Each structure stands twice: as C-alpha cells, then as structure tokens.
Amino acid sequence: MKQLKRIKGTQDILPDASVKWNALEGTIRQVMQCYNFSELRTPVFEQTELFSRGIGQLTDIVSKEMYTFEDRSRKRLTLKPEMTAPIMRAYQENKLYANAQLTKVFYIAPLFRQERPQAGRLRQFHQFGAETLGSADPGADAEIIDTALSVYRKTGITGLKLKINSVGDPLCRIPYKKQLQEHIRPNLEHYCEDCQRRFDENPMRILDCKKETCVALNQKAPKLLDNLCPDCETHYHALKSQLKTLHIEFEEDPYLVRGLDYYTRTVFEITSDALGAQNAICGGGRYDLLAEELGGLPAPAVGFASGIERLIMVAEAQGVELAPLKRLDVFLIGMDTEAKPLILRLLKDIRKAGFSADQDYLGRSMKAQMREANRQNTRFVVIIGTDEIKKNSVSLKLMDKGEQISIPFDNLVAEIKKHYS
RNA sequence: GUGGGUGUAGCUCAGCUUGGUUAGAGCGCCUGGUUGUGGCCCAGGAGGUCGUGGGUUCAAGUCCCAUCACUCACCCCA
C-alpha cells in the first residue's frame, strides 16, 4: 500500500524541534507580559470576506494564495493567511474597546498560504505578533517595534536590521500616486513587465523593484517621504525620535512598501542576512483605516508579525540554542522479577515529587538499559537487584560523577533532591 | 504560474563522467569484550524495491525518455 505523506509545504515538528518551539513560545509570552500585551486567540478559519475586504482584493495573498473552500452550507471560508484582520474582527465583534480605551494583544498562531514552498516559506507556517488598537500615538508604533526586538534579544539571535518608512495616509498618498504615475508614464515601456503590470494596481511597488534597469529609472522618482502631509510628517518624526531615545538603530528606506493594502503611515521590516531569499523575519506597521474598512467604528492601530520558522532558522544559522539540552532526571532498572513492583512504586513516587523518570519496557539487558539511560542524558540511575532487596536498599548512580551509592529504600526521593543540581 | 538542482542504508553522502564480481563510507542502531553498570576504545552484526515506470544493451545505481517527490530561486511575503 502506498505510504501516506504530509501535504506539500507542511512540516512535522519532531520531538527534538518541539523543545525549541516550546522554549521560544515561552520567551515570547514572557516578553509580551513585560510589555503588557494579553493573548488573543482567534479561530483558524474565517469568512472569506474578512480577508478580501481587509487585506485588499488586489494583493497577492487574496488574489492567489488563500486556502478558500465552501462548507456544507455553501459558506465561503478561508484558512487565515494573516492575523491582523482576524484580530481587528475580534476586537470589534467583542467590543473590546468598551472595556478599555486602549487594547494591547499578542498572538502565536498557525497561518496558511498556498504558495510555492521555498526556504523560509511554508504553506502552513507560524507567526507571533502584537497589535495595539485604539491609539494613533507614535509611541505605540515605537513600542511595537521595541517589543519585537526585545523578543529577538531574549532569544539570543543577533545581526538584525530594522528598516522603517512612512506610506502616509489617503490625504497624501492619493495625490502622490498620481504624481508618481505622471513621472513614470513617459518611460513606462522601459520598465520590466512586472512593473508595467504594477503601474495601475500599485505604482508604489515599482519603487521597490530590484531589477537594475528599474532601479536606475527610479533614481529621479519623487519620494512619498518628501510629500507627506503635515500630520503624517509629524507622526513619522516623532517615531524616529522615540526610536532614538530607545537606542534602537534603524535605517530609513523610502522604497519600503508593504504588500498589504491596509497600511497607513508607519511601515517597517526587520531582516536577517542569515536567511535566504526570504530574509524578512518581521514586518508590520500602522493600519488606521482597517477598522472602518471592516465596517466597525474607527480605531487607529499598529502591529507587527514575525515568522517563527524564520526566527528558528536564524537561531540555527547562528548556533544559538533556543532550549537547554534535554535531560531525564531518573532512569530505574529492576534486575529481576522481584524488583519490578518495587521499581514501579519508586517510579511513581519520583514522578510525584516532580522529577522526570522512566524505565525500560523492552526487556533489555542491564548494559543496554545503562546505555539507554546514557543516551537520554540521565542524571541518576536507580538500580534494584537481589543484593539491594536483601538489604532493603537501592543503588543510586550519579551519572555525571560516575559514583554509585547505596541508600535505604525509603530515602530515595530525599537523596535525589540532595544530589540534584 | 516560470526556471535551476537533487532523489542510493534511520541520517549525511560517495559510486554515475569512462555500463561489467556479492552496491560502499561516516554517524546512528544492535550484540559482545564486564556472573549486575553508561560515556571512550576494540571486535562483530542487522539494515538498501539504488524515487517510480518504460527504453537501449549480452549486461543499467551508472546511458536515454517519461513521471512523481523533494529542494532552491523568480513573483510575493513572515
């Protein structure tokens, strides 16, 4: 019979890896708590309309990457491809703004996009992120960036680059787009195919093209940063000054454009050159218009999203251990049938005391069991054989020191506590 | 959707150019060297439809075609 396989672009997180995932999720929760973000969990699927309306019809995500299907009642559902829209939906639906003027939430969640997989890009992948809803203050933007960077610092990864930009708001962006199109139009035929396609859909993306000819043509193009309206200008400057106060290094990239429609004003990206072509480990920005787009009350908001798989890739490339080496506290060996019930009792007692403990279930020789204990990086081995039974004692081997001591049967747990380090 | 690369032991890979004994290595695993004692060392052992299907040939892991899978990159994104 044919062996069943996991579907393309998905991953089994095996025991060796899941230890790292758990440790990483732990540091994420810890940092989020310090910054006073609370967890918000949303369903894995939503009405398709949430994303088509929230993210934008013309974006790649909505136009060609969503896992969309009909349920039995012919409702159009979509496996969530990103978290911002669901968070905003939940914020409005549950009227979180009624409890507090300001809502700060974080999430750790699986997301789904049907793309061609490559290094750092899976069809089911995971992001953590934070969103501050209800504030238009540039301080919220700075805090969001600081939060992401704090998580990275805590994990131990280094060498990350922060790029920031402002994409303005409709007030400055709409006239700017026209100005940009006018500038490009005379030379449009010299631009690459992709850029020609972008001309009507999303002219600002043309500035982000990496093709040499396009980069050259873009040299003299007007920059949105030079054409911000006074309010956006003020916001952007306040953000930069707060980042400086926080001693956060950043690079201004006037061509940084994010692919999602809902961004206004602040956008940013954090990259690592330890990654391959997909070098962004974090992306985010402000989305003051999304709330209304989804049919709710106006609510300015800012957030970031960070790829967990990519973070782990960076850690691996840099030799950063996300989790300490796994150790088993106690391995118990019963030498004959008389010892078995005693071992079983001790195993239970040791576990009850909070230590990790295990025994052999394969009927292996003592030598093989010792090897097994060693393989599992065990701290203590407890041995009971006829000698021990006669003396109503157990042998406790301290594996790191190689020493072995004989102790009374009932003192075992206390003795383990004493030698545990 | 487009282009490149790779499929040989549980894992990482050699062998393919120049077809020809029983297809190899390292790591891992198992057994023994110790009547009940791990790591290091030594000795031995198990484990392979050479991705799949077809073709060429006296002979195919090796050459040709097809197909599938994986992978990297483009587009775009975390």
Side-chain angles (χ1 to χ4, degrees), chain A residues 2-3 5-11 14 16 55-56 58-66 81-84 107-129 148 192-195 197-198 201-202 205 208-211 256-260 268-272 275-285 303-314 328 331 333-336 339 362 364-389 395-404:
Chain A
K2 205 177 88 187
Q3 175 78 44
K5 300 182 66 183
R6 66 172 183 267
I7 61 177
K8 188 200 280 288
T10 64
Q11 227 181 358
L14 302 176
D16 281 353
I55 305 173
L58 292 177
T59 60
D60 282 14
I61 292 180
V62 172
S63 65
K64 55 185 199 196
E65 294 171 2
M66 294 204 301
E82 59 102 52
M83 273 303 279
T84 304
Y107 58 85
I108 302 174
L111 301 173
F112 306 84
R113 291 182 201 172
Q114 191 165 183
E115 304 177 82
R116 224 21 183 256
Q118 76 187 68
R121 180 202 283 162
L122 293 161
R123 289 184 169 183
Q124 177 178 344
F125 61 104
H126 299 77
Q127 288 184 347
F128 70 93
C192 71
E193 258 179 64
D194 288 328
C195 284
R197 180 174 49 78
R198 288 168 182 142
E201 292 175 5
N202 192 352
R205 263 229 165 270
D208 201 25
C209 187
K210 285 127 205 154
K211 294 220 172 62
L256 176 65
V257 181
R258 317 231 73 251
L260 288 63
F268 62 91
E269 195 170 272
I270 299 171
T271 57
S272 164
L275 293 170
Q278 313 303 321
N279 65 353
I281 191 177
C282 178
F304 79 84
S306 180
I308 293 182
E309 283 85 354
R310 290 187 188 177
L311 199 168
I312 290 172
M313 283 172 75
V314 173
L328 178 68
F331 193 86
I333 302 177
M335 291 303 298
D336 49 61
L362 297 175
R364 288 183 280 194
S365 69
M366 176 172 191
K367 190 188 180 75
Q369 291 189 51
M370 285 300 292
R371 257 204 296 273
E372 178 61 21
N374 188 63
R375 201 180 62 76
Q376 298 210 37
N377 205 4
T378 306
R379 289 189 162 87
F380 306 105
V381 169
V382 171
I383 302 162
I384 301 185
T386 41
D387 294 355
E388 285 81 0
I389 291 174
S395 293
L396 181 68
K397 180 148 189 179
L398 316 176
M399 295 296 274
D400 290 343
K401 291 185 191 165
E403 288 169 15
Q404 186 165 317

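The structure displayed is predicted, hence computed values, not measured ones. Lettering of chains follows the sequences in order, A, B, ..., and the numbering in each one begins at 1.
On a pure distance criterion of 3.5 Å, a polar donor-acceptor pair joins the side chain of A/Gln404 and the base of B/rU37. A donor-acceptor contact under 3.5 Å is formed by the side chain of A/Glu388 with the base of B/rG36.
Considering only heavy atoms from C-beta on, A/Gln127 stays 4.5 Å or farther from A/Arg310 through its side chain. Looking at heavy atoms from C-beta onward, A/Ile383 lies in side-chain contact with A/Met366 at the 4.5 angstrom threshold. For the pair A/Ile55 and A/Pro81, the minimum side-chain heavy-atom distance is below 4.5 Å.
Pairing for B/rG28 is absent, with no Watson-Crick or G-U wobble pair whose two atom distances lie under 3.5 Å. Pair assignment for B/rU56 gives none, since no Watson-Crick or G-U wobble pairing has each distance under 3.5 Å. Across all strands shown, B/rG5 is found opposite B/rC70 as a Watson-Crick or G-U wobble partner, with both distances under 3.5 Å. Nucleotide B/rC16 has no partner under the Watson-Crick or G-U criteria, as no pair reaches both atom distances under 3.5 Å. Both distances falling under 3.5 Å, in either a Watson-Crick or a G-U wobble arrangement, occur for no nucleotide opposite B/rC40. Look at B/rG61: it lacks any Watson-Crick or wobble partner with both distances under 3.5 angstrom.
Proximity of residues 108-116 of chain A to RNA chain B (heavy atom under 4.0 angstrom from any strand atom) is restricted to A/Arg113, A/Glu115, A/Arg116.
Using a 4.0 Å cut-off, some side-chain N or O of A/Gln118 falls inside it from OP1 or OP2 of B/rC74. A close approach under 4.0 Å does not occur between any side-chain nitrogen or oxygen of A/Lys367 and OP1 or OP2 of B/rG32.
Nucleotides B/rA69 and B/rG53 have their P atoms positioned 16 Å apart, rounded to a whole Å. Separation of the P atoms belonging to B/rU18 and B/rA23 is 24 Å when rounded to the nearest angstrom. Distance check on atom P: B/rA46 versus B/rC41 gives 22 Å, rounded to whole Å. Comparing B/rG20 with B/rA60, their C1' atoms sit 10 Å apart, to the nearest whole Å. Going from the P atom of B/rU2 to that of B/rU67 covers 13 Å, rounded to whole Å. B/rU34 and B/rG39 are spaced 14 Å apart, taking the P atom of each and rounding to whole Å. Of the C1' atoms belonging to B/rG61 and B/rU21, the separation is 15 Å, rounded to the nearest Å. Separation of the C1' atoms belonging to B/rG38 and B/rC29 is 16 Å when rounded to the nearest angstrom.
Shown here for A/Met66 and A/Ile61, the closest heavy-atom pair between the two residues is CG-O, 3.1 Å. The two residues A/Gly285 and A/Phe268 have their closest heavy-atom pair at N-CE2, 3.5 Å.
Relative to the side chain of A/Arg121, the nucleotides B/rA73, B/rC70, B/rA78 differ in distance, and B/rA78 lies closest. Of the candidates B/rG38, B/rG36, B/rA78, B/rG36 carries the atom nearest the A/Ser395 side chain, counting heavy atoms from C-beta on. Taking only side-chain atoms of A/Lys397, from C-beta outward, the nucleotide of B/rU37, B/rA73, B/rG36 with the closest atom is B/rU37. The listed nucleotides are B/rU37, B/rU31, B/rC74; the one nearest the side chain of A/Met366 is B/rU37. Here the nucleotide nearest the side chain of A/Gln278, chosen from B/rC75, B/rA78, B/rC72, is B/rC75.
A distance-only check finds no donor-acceptor pair linking the side chain of A/Arg123 to the backbone of A/Pro117 [under 3.5 Å]. Between the A/Thr378 side chain and the A/Asn374 main chain, no donor and acceptor come within less than 3.5 Å of each other. Using a distance-only test at 3.5 Å, with no hydrogens or angles considered, no donor-acceptor pair links the side chain of A/Arg364 to the main chain of A/Gln369.
Atom CD1 in A/Ile61 sits roughly 16 Å away from atom P in B/rC75 (whole-Å rounding). Counting to the nearest Å, the C1' atom of B/rU2 and the NZ atom of A/Lys64 are 11 Å from each other. Taking atom CZ of residue A/Arg371 and atom P of nucleotide B/rU34, one finds them 14 Å apart after rounding to whole Å. Put simply, CZ on A/Arg123 is 14 Å from C1' on B/rU71, counting in whole angstrom units. One interatomic measurement links the two molecules: CD of A/Glu372 to P of B/rG38, which rounds to 14 Å at whole-angstrom precision. Rounding to whole angstrom units, CG of residue A/Leu398 and C1' of B/rG39 are separated by 15 Å. At whole-Å resolution of the value, CG in A/Asp16 and C1' in B/rG28 are 13 Å apart. Atom CG of A/Leu328 and atom C1' of B/rG39 are 16 Å apart (whole Å).
As judged by a 4.0 angstrom heavy-atom cut-off over every strand, A/Gly276 is placed among residues touching the sugar-phosphate backbone only. Note on A/Thr386: a base of the nucleic acid sits closer than 4.0 angstrom, heavy atoms only. Contact annotation for A/Ala373: no contact, since no heavy-atom pair falls under 4.0 Å across all strands. Here A/Ile312 lies out of heavy-atom contact (under 4.0 Å) with every strand. As judged by a 4.0 angstrom heavy-atom cut-off over every strand, A/Ile383 is placed among the base-contacting residues.
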side-chain contact (heavy atoms from CB on, under 4.5 Å) evaluation trace for A/Val381 with A/Met399: CA-CA 7 Å; A/Val381 169; A/Met399 295 296 274; 3.6 Å; yes
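Residues A/Arg310 and A/Arg375 both approach RNA chain B. Their nearest nucleotides, taken by heavy-atom distance, put A/Arg375 toward the 5′ side. Of the residues near RNA chain B, A/Arg364 and A/Lys5, the one whose nearest nucleotide (by heavy atom distance) lies more toward the 5' end is A/Arg364.
Here the CZ-OH distance, from A/Phe128 to A/Tyr107, works out to 9.0 Å after rounding to the nearest 0.5 Å. The CD1 atom of A/Ile312 lies 10.0 Å from the CD1 atom of A/Ile281; values are rounded to the nearest 0.5 Å.
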